[in-house]
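Here the structure comes first, spelled out in C-alpha cells, and everything after it is commentary.
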Amino acid sequence: CADGGWGWFSGWGETSSPYFTALVVHGLLLSRQCQLPVPPQVLQRGLEWLQAYQQETLRCLQLPPKQYRHKPHADDLDALVFQVLAVAREEQYYQEHMAALLFRDKKHLSPYSKALFALAEWERLQLPGTQESSAPQTQRLQELLRNLRQFVQSDDENQTAWLNLGPGNFWWCWHGDEIETQAAFLKLLCRTGEGQGELSRGLVKYLLHNRKHGKYWRSTRSTAAVLEAFSVFLEASGEGRSELEVELLLNGRTLAQERYSPQNIFTARNRFLVPAEDLPPGEQVLKIRKNGPGPLYFNAYLQYFSQQDFIPAAGLEVKVQRGTYRLIREDEQSSTAAAGGRAQSVRRERYRRELLPPRAVLQSGELLEIEMLLESKNDYEYMLLEDHKAACCEALELRSGYGDNSLNAYQEFRDDRVAMFIPLLPRGKHTLSYRLRVEASGEFSALPTKLTGFYAPELQANAEEQKISVESE
C-alpha cells in the first residue's frame, strides 16, 4: 500500500493490515538473513509502518478506561508485531514499554503468542552490550518458557512430544493454529540452547507425523512456519552439518553402503529393499553400521504371511481393540399420557451388555454387539476399518451408508466383513459399533479387525483374533 504496509489484496482502496504486514516483513527479514537480495526501501518502510502501529497501540493501552479507543490489554496481534520488529535486531525497533505490557497481560496471550513473545526477548538479548544475567528480558524469557512447559505432553512409546492446547483453544484464529504453535515452541527451544534435547526431537517427530498426505501441513503459512523451525533445529542440533557413512548388513553380508552429507542430503539413496529370496528360513539378523558423529534416523517395515493359529494384536501409531458383547434383552415398562389424559403402559426395548470372554460359548439366535476401540496418536485422514465377521454371524443392518457414529464413517456390510470408511480420525480414543446375530452352530474364528491408512498403507493396526463356539438351541 502507499503507506508502506500490506493488506489482504493490496489493490485500489486497500488499507494496510498489521497481520499481513508482519508476515511480509518477517519474510523479508529472513531473506536478508539468508543474504538474498531484498529492496532496502521496501523493508525499511514496512518496519516503519509496524513501528508506527506499535506506537499507536501503546497510546491506546495507556488511555483511561472510558476514553475513546482505550485498549484494555495487549493481545496476540501485539505479540506478533513485537516479535517481527525484534527480528530486525536494531535498538530503535525494540520497545521496552510494550514488552512490559505484554508480560503484564500474558494471561490474555495464547501459547503461540507467548512463544512469539519469548522469541522476541531472545532476539533482544542478542544485541551487543546486553547482559543476559541481569537483563529483564532474561527473566521474562525464563518465565514464558515455564508457562509453555506446563502444556507439554509426551508419548515415550512413539517418541513424540507436543503442546496440548486443550479444547478451549481458538483453533480457527491464526494465534490458535496447533501446528504453528508447535513450530514456534520448537524454534524457541532451539534458540535457548535445547536443540539437542529429547523434547525438541519429540516435537520434530510429532510435526512430521502430522503432515497432510505426508507432504505438507494445513496451509502454506503453517508449512512455512514448520520448515523455518526445522531449519533452526538442524542448525542448533548440528544435524544439518553432519556427515555419515552407513552400511546395511543382513546375516553378516553387506547389502548396501551410502554416504550422507549436507551436499547430497536430498539426492542420496535412503530406501533399501530386501527381496524375499534373500531371506532364507530361520532367524535373520539385520545390522545398521554408522560411522560419523551425527545421529541416524531409520524405519523398518516387514511384510510377511503368517500361519499362526492365534493372531495377536499389533499397532503403534494407531491401535484397535475389538470387544464382543452379548445383548441380553431387559425391556422396561413405563407410563405415558394417552388420549384423554389417561395413563398408558408402554414397553421400551432395552438391552444389557455382557462382555464375552475368550473362546466364549454362544447359542444360535443370540444377538451380539461388536464394539471397536480406536486409538490414534495423531490426526489422520482417510482411514479404512475392516472387521472380519465369524462365519456363523450375519449383520442386522443390511443397507450400507453413513451410520449414526461420532466419526461420520461410511459403513458397508459385506458377506465376510463390515468395512467403515473414516474421513478423519482425530488424535485420541474413539468407538464404533454394529450388531450381529448368531445363525449357525460349530467352531469359528473371527479374523482380526484391521485399521489401515488409504494413502499411507504402512500405517496399520489390527486387533487380536477371536475364537467362539456356537451350540444349537
Side-chain angles (χ1 to χ4, degrees), residues 5-8 15-27 29 46-47 49-63 69-88 93-124 137 140-141 143-152 162-189 191 217-222 224-226 228-229:
W6 283 265
W8 188 16
T15 58
S16 296
S17 159
Y19 174 72
F20 288 108
T21 301
L23 291 186
V24 175
V25 172
H26 179 69
L29 289 170
L47 287 169
W49 192 96
L50 290 176
Q51 188 179 36
Y53 173 82
Q54 188 178 78
Q55 291 292 345
E56 177 61 19
T57 301
L58 277 171
R59 188 185 71 84
C60 295
L61 286 169
Q62 295 171 353
L63 290 175
R69 300 203 65 184
H70 164 73
K71 189 171 183 178
H73 56 78
D75 56 24
D76 300 285
L77 186 57
D78 298 330
L80 174 63
V81 172
F82 183 77
Q83 187 263 341
V84 172
L85 287 172
V87 173
Y93 295 124
Y94 182 84
Q95 178 57 255
E96 173 63 29
H97 194 189
M98 176 56 77
L101 292 176
L102 283 169
F103 188 73
R104 182 199 67 183
D105 300 332
K106 62 181 181 295
K107 66 178 182 180
H108 297 287
L109 301 180
S110 67
Y112 186 13
S113 299
K114 289 179 181 178
L116 292 177
F117 180 26
L119 282 168
E121 295 295 68
W122 180 87
E123 295 283 357
R124 176 63 178 82
Q137 290 83 8
R140 291 194 288 257
L141 176 58
E143 178 66 23
L144 290 167
L145 273 170
R146 283 195 294 269
N147 288 347
L148 288 169
R149 287 182 183 278
Q150 67 182 344
F151 298 101
V152 172
W162 65 95
L163 292 179
N164 184 4
L165 305 184
N169 181 51
F170 295 94
W171 56 267
W172 56 90
C173 298
W174 68 265
H175 52 79
D177 188 280
E178 198 246 356
I179 294 297
E180 292 185 39
T181 302
Q182 314 296 337
F185 185 52
L186 171 62
K187 185 178 177 182
L188 176 61
L189 291 176
R191 293 299 196 199
W217 285 265
R218 293 178 180 174
S219 64
T220 53
R221 174 175 164 78
S222 61
V226 173
E228 181 186 349

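Keep in mind it's a predicted model, so treat the numbers as computed, not measured. Computed from heavy atoms alone, side chains included, the values below leave out hydrogens, waters and symmetry copies.
Annotation: the span from Leu58 atom CG to Leu63 atom CG amounts to 11.0 Å, rounded to 0.5 Å. For the atom pair CH2 of Trp49 and OG1 of Thr21, the computed distance is 4.5 Å after rounding to the nearest 0.5 Å. With values rounded to the nearest 0.5 angstrom, Asp177 atom CG is found 6.0 Å from Ser219 atom OG. Here the CG atom belonging to Asn147 is positioned 4.5 Å from the NZ atom belonging to Lys114, to the nearest 0.5 angstrom. The CD atom of Gln150 sits 10.0 Å away from atom CG of Leu163, with the distance rounded to the nearest 0.5 Å. Taking CG from Leu50 and NE2 from His26, the interatomic distance works out to 12.0 Å, rounded to the nearest 0.5 Å.
Contact check for Leu141 versus Leu188: side-chain heavy atoms found under the 4.5 Å cut-off. No side-chain heavy atom of Trp162 sits less than 4.5 Å from a side-chain heavy atom of Leu186. The shortest side-chain heavy-atom distance between Tyr53 and Ser16 does not fall under the 4.5 Å cut-off. For the pair Met98 and Thr57, the minimum side-chain heavy-atom distance is below 4.5 Å. Between Glu178 and Thr181 the shortest side-chain heavy-atom distance does not fall below 4.5 Å. In this structure the side chain of Leu189 reaches within 4.5 angstrom of the side chain of Arg149, judged on heavy atoms. Counting only heavy atoms from C-beta outward, the side chains of Trp6 and Val25 approach each other to under 4.5 Å. At least one side-chain heavy atom of Arg191 sits under 4.5 Å from a side-chain heavy atom of Lys187.
The minimum heavy-atom distance linking Leu29 with Val84 is given by the pair CD1-O, 3.5 Å. Between Pro18 and Leu77, the closest heavy-atom pair is CG-CD2, 3.6 Å. The two atoms that bring Ala183 and Ala225 nearest to each other are CB-O, 3.7 Å, heavy atoms only.
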Could you walk me through whether Phe151 and Leu165 pass the side chain to side chain contact (heavy atoms under 4.5 Å, CB included) check? CA-CA 7 Å; Phe151 298 101; Leu165 305 184; 5.5 Å; no
Apply salt bridge (charged side-chain N to carboxylate O under 4.0 Å, His left out) to Arg218 and Glu180, showing your working. CA-CA 10 Å; Arg218 293 178 180 174; Glu180 292 185 39; over 6 Å; no
Audit row: Glu143, Arg140, salt bridge (charged side-chain N to carboxylate O under 4.0 Å, His left out) steps and yes/no: CA-CA 5 Å; Glu143 178 66 23; Arg140 291 194 288 257; over 6 Å; no
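Formation of a donor-acceptor pair under 3.5 Å by the Asp105 side chain with backbone atoms of Ala74 is found in this model.
Salt-bridge formation is not detected for the pair Arg124/Glu96: no Lys NZ or Arg NE/NH1/NH2 atom is positioned less than 4.0 Å from an Asp or Glu carboxylate oxygen. Between Asp78 and Lys71, at least one side-chain N (NZ, or NE/NH1/NH2) sits under 4.0 Å from a carboxylate O, which counts as a salt bridge.
Using bins of under 30°, 30° to 60° and over 60° for the plane-to-plane angle, the ring pair Phe117/Phe82 lands in the perpendicular bin.
Glu123 and Gln83 are not linked by any side-chain donor-acceptor pair at a separation below 3.5 angstrom, with hydrogens and angles left out of the test. Residues Gln182 and Tyr112 bring no donor and acceptor atom of their side chains to less than 3.5 Å of each other. Asp76 and Ser110 are linked by a side-chain donor-acceptor pair at a separation below 3.5 angstrom, with hydrogens and angles left out of the test. Side chains of Gln62 and His97: a donor on one and an acceptor on the other come within 3.5 Å.
A cation-pi arrangement is found for Lys106 relative to Phe103, the charged atom lying closer than 6.0 Å to the ring centre and inside a 45° cone about the ring normal.
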